[in-house]
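Just so you know, these numbers come straight off a predicted model, no measurement behind them.
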Protein chains: 2
Amino acid sequence: MIKLSKKVEYAIMALQYISENSSKTNTAKEIAEKLSLPYDFLSKLLQTLMKKGLLVSQLGVKGGYMLVKQINEITVEDLMNALDERSRIVECADNDGSCCSRTEICDIRSPIMNLQEQINNIFKNTTIANLKNNI
Amino acid sequence: MIKLSKKVEYAIMALQYISENSSKTNTAKEIAEKLSLPYDFLSKLLQTLMKKGLLVSQLGVKGGYMLVKQINEITVEDLMNALDERSRIVECADNDGSCCSRTEICDIRSPIMNLQEQINNIFKNTTIANLKNNI
DNA sequence: CTAAATTCGGATAAAAATAATCGTATTTTT
DNA sequence: AAAAATACGATTATTTTTATCCGAATTTAG
Ligand code: FES
Ligand code: FES
């Protein structure tokens with residue numbers, strides 16, 4: 001059950017698309033069409049990225065989205081933080097021990113948090129540009 | 001959405017428990033009680049591990065489960081393969097290109113499969129023994 | 001031989017998370 | 001004023017995960 005959410009997956013594609021067309025504002029509609037992604041869903045997601053400061057938007061006709069950073073400065077972790085609700089590999093891997101009734105007897109909390117960190121590092125070190133296929 | 005399934009999480013705990021009590025067969029009931037895990041669910045999961053060859057079981061009274069390998073020879077990847085349905089980070093990261101209608105225009109399939117491999121490596125290199133807290 | 005403790009197996013239900021959609025409001029350009 | 005966008009909130013649909021239930025088969029012990 002280690003998978004990227006559709007939000008993150010679509011966001012990667014969208015950001016790459018916007019990056020390729022960075023001379024103009026890119027509308028959600030255009031991105032959705034060109035990449036065959038569901039418009040409403042993509043639209044929401046772009047709004048979220050905007051709120052989180054990863055995109056800027058322009059309202060109204062001729063509106064759309066533009067990058068605020070280069071895609072080699074945006075990591076997969078950034079997208080996961082912006083778009084996904086939870087990103088702990090186990091519930092109990094949050095900092096306070098108030099996660100579950102097993103805290104007392106639990107042997108795995110701390111080592112699993114270590115595992116968590118290894119995984120985080122991968123996402124932290126992978127930029128959206130890294131995920132671009134340059135055939 | 002990068003998290004371990006409960007199946008895998010419980011399995012880690014259960015295998016560690018069995019390992020600590022490897023002189024006898026361990027019943028699902030005992031393990032569930034000692035670790036405060038839901039019996040039915042754990043029971044199913046142990047049966048699966050048995051079918052996949054990670055445990056041996058003995059039927060009937062005095063029955064239960066025993067390890068077939070040491071826990072330092074069992075990896076998190078083994079558990080994920082045995083217990084989780086899907087473990088691709090994106091649908092499209094399977095080998096044939098028949099995943100979705102975007103294959104033609106998709107720029108991220110191959111690099112994401114690379115990302116996938118990095119993550120797999122972590123799970124492949126983490127044994128159940130590694131996840132044991134030795135305070 | 002019977003009863004009890006177990007694993008086994010299938011089916012199903014409940015809960016949670018993800019993905020998708022809808023409707024309306026607001027902003028901006030022409 | 002009309003059109004083309006984003007913004008926002010609510011809701012629904014779908015899928016996945018988690019949990020439970022029931023009855024059968026197996027083994028041990030008395
Ligand atoms: S299971 Fe909750 S602390 Fe480990
Ligand atoms: S989205 Fe299906 S191939 Fe990339």
Side-chain angles (χ1 to χ4, degrees), chain A residues 1-11 13-14 18 24-33 35-66 79-80 82-92 100, chain B residues 1-11 13-14 18 24-33 35-66 79-80 82-92 100:
Chain A
M1 223 185 34
I2 303 298
K3 64 184 249 260
L4 300 185
S5 63
K6 290 289 176 197
K7 282 182 188 172
V8 170
E9 188 184 343
Y10 295 168
M13 296 197 248
I18 296 175
K24 65 185 183 76
T25 58
N26 296 272
T27 70
K29 188 178 172 219
E30 178 191 343
I31 301 169
E33 277 170 2
L35 300 177
S36 301
L37 301 176
Y39 168 78
D40 282 302
F41 193 63
L42 177 69
S43 180
K44 265 282 155 46
L45 164 182
L46 293 173
Q47 285 171 36
T48 306
L49 292 181
M50 189 272 298
K51 270 190 262 183
K52 303 282 180 165
L54 294 170
L55 287 176
V56 284
S57 66
Q58 190 185 333
L59 285 181
V61 179
K62 295 283 176 191
Y65 295 94
M66 276 183 300
L79 296 187
M80 293 190 347
L83 299 171
D84 292 343
E85 313 297 319
R86 47 183 64 192
S87 41
R88 303 256 145 48
I89 60 174
V90 298
E91 244 179 300
C92 290
C100 85
Chain B
M1 227 187 30
I2 302 301
K3 65 184 248 261
L4 300 185
S5 64
K6 291 289 176 200
K7 282 183 188 172
V8 170
E9 187 184 345
Y10 297 167
M13 298 197 247
I18 296 175
K24 64 185 184 74
T25 57
N26 295 273
T27 70
K29 188 177 171 219
E30 178 191 344
I31 301 170
E33 276 169 4
L35 299 178
S36 301
L37 302 176
Y39 168 76
D40 283 302
F41 194 64
L42 177 68
S43 180
K44 266 284 153 50
L45 163 183
L46 293 174
Q47 285 171 38
T48 307
L49 291 182
M50 189 274 298
K51 268 189 262 180
K52 303 283 179 164
L54 293 169
L55 288 175
V56 284
S57 67
Q58 190 186 332
L59 284 183
V61 178
K62 296 284 177 189
Y65 295 94
M66 278 183 298
L79 296 186
M80 294 192 342
L83 298 171
D84 292 342
E85 314 296 319
R86 44 183 66 193
S87 43
R88 302 256 147 49
I89 60 174
V90 298
E91 245 180 299
C92 291
C100 84

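For the pair A/Leu49 CG and D/dA7 P, the computed distance is 11 Å after rounding to whole Å. For B/Lys52 and C/dC8, the NZ to C1' distance is 16 Å, given to the nearest whole Å. Between the CG atom of B/Leu42 and the C1' atom of C/dT7 there is a distance of 12 Å, rounded to whole Å. The distance between atom CG of B/Asp84 and atom C1' of D/dT17, rounded to the nearest whole Å, is 10 Å. Counting to the nearest Å, the P atom of D/dT6 and the CD atom of A/Glu30 are 10 Å from each other. A straight line from CG of B/Asn26 to P of C/dA5 spans 18 Å, rounded to a whole angstrom. Atom P of nucleotide D/dT18 and atom CD of B/Glu9 are separated by 9 Å, given to the nearest angstrom. Here C/dT7 presents its P atom at 10 Å from CD1 of B/Ile18, a figure rounded to the nearest Å.
Position along DNA chain D of the nearest nucleotide to A/Gly60 versus A/Lys51 favours A/Gly60 as the more 5'-ward residue. Along DNA chain C, the nucleotide nearest to A/Phe41 and the one nearest to B/Lys29 differ in position, and the one closer to the 5' end is contacted by B/Lys29. DNA chain C is contacted by both A/Lys7 and A/Lys62; A/Lys7 maps to the nucleotide lying nearer its 5′ end (nearest heavy atom per residue). Along DNA chain D, the nucleotide nearest to A/Lys44 and the one nearest to B/Asp40 differ in position, and the one closer to the 5' end is contacted by A/Lys44.
Residues A/Leu46 and A/Ala14 come closest through the heavy atom pair CD2-CB, 4.2 Å. When all heavy atoms of B/Ala32 and B/Leu42 are compared, the closest pair comes out as N-CD2, 3.5 Å. Residues B/Leu83 and B/Leu45 approach most closely at CD2-O, 3.9 Å, considering heavy atoms.
Contact between the side-chain N/O atoms of A/Gln47 and the OP1/OP2 oxygens of D/dG9 is not found at any separation under 4.0 Å. OP1 or OP2 of C/dA17 has not a single side-chain nitrogen or oxygen of A/Lys6 nearer than 4.0 Å. Proximity of A/Gln58 to the phosphate of D/dA4: no side-chain N or O atom is located under 4.0 Å from OP1 or OP2. Taking side-chain N and O atoms only, B/Tyr10 has a distance below 4.0 Å to OP1 or OP2 of D/dA19. Checking the phosphate oxygens (OP1, OP2) of C/dC22, no side-chain nitrogen or oxygen of A/Tyr39 falls inside 4.0 Å.
With D/dT6, C/dT29, D/dA29 as the choices, the nucleotide that has an atom nearest any side-chain atom of A/Ser57 turns out to be D/dT6. Among the nucleotides D/dT27, D/dT17, C/dT29, the one closest to any side-chain atom of B/Leu59 is D/dT27. For B/Val61, the listed nucleotide lying nearest its side chain is D/dT28; candidates were D/dT28, C/dT7, D/dA3. Of all nucleotides listed (D/dT17, C/dT7, C/dA20), C/dA20 comes nearest to the side chain of A/Pro38.
B/Tyr65 comes within 4.0 angstrom of the backbone, heavy atoms only, and of no base.
More than 12 non-hydrogen atoms from other residues, nucleotides or ligands lie less than 6.0 angstrom from NZ of A/Lys24.
Between B/Asp84 atom CG and B/Thr48 atom OG1 the span is 11.0 Å, to the nearest 0.5 Å. With rounding to the nearest 0.5 angstrom, the CD1 atom of A/Ile18 is 13.0 Å from the CE atom of A/Met13.
Remark: D/dA25 base-pairs with C/dT6; criterion is Watson-Crick or G-U wobble with both hydrogen-bond distances under 3.5 Å.
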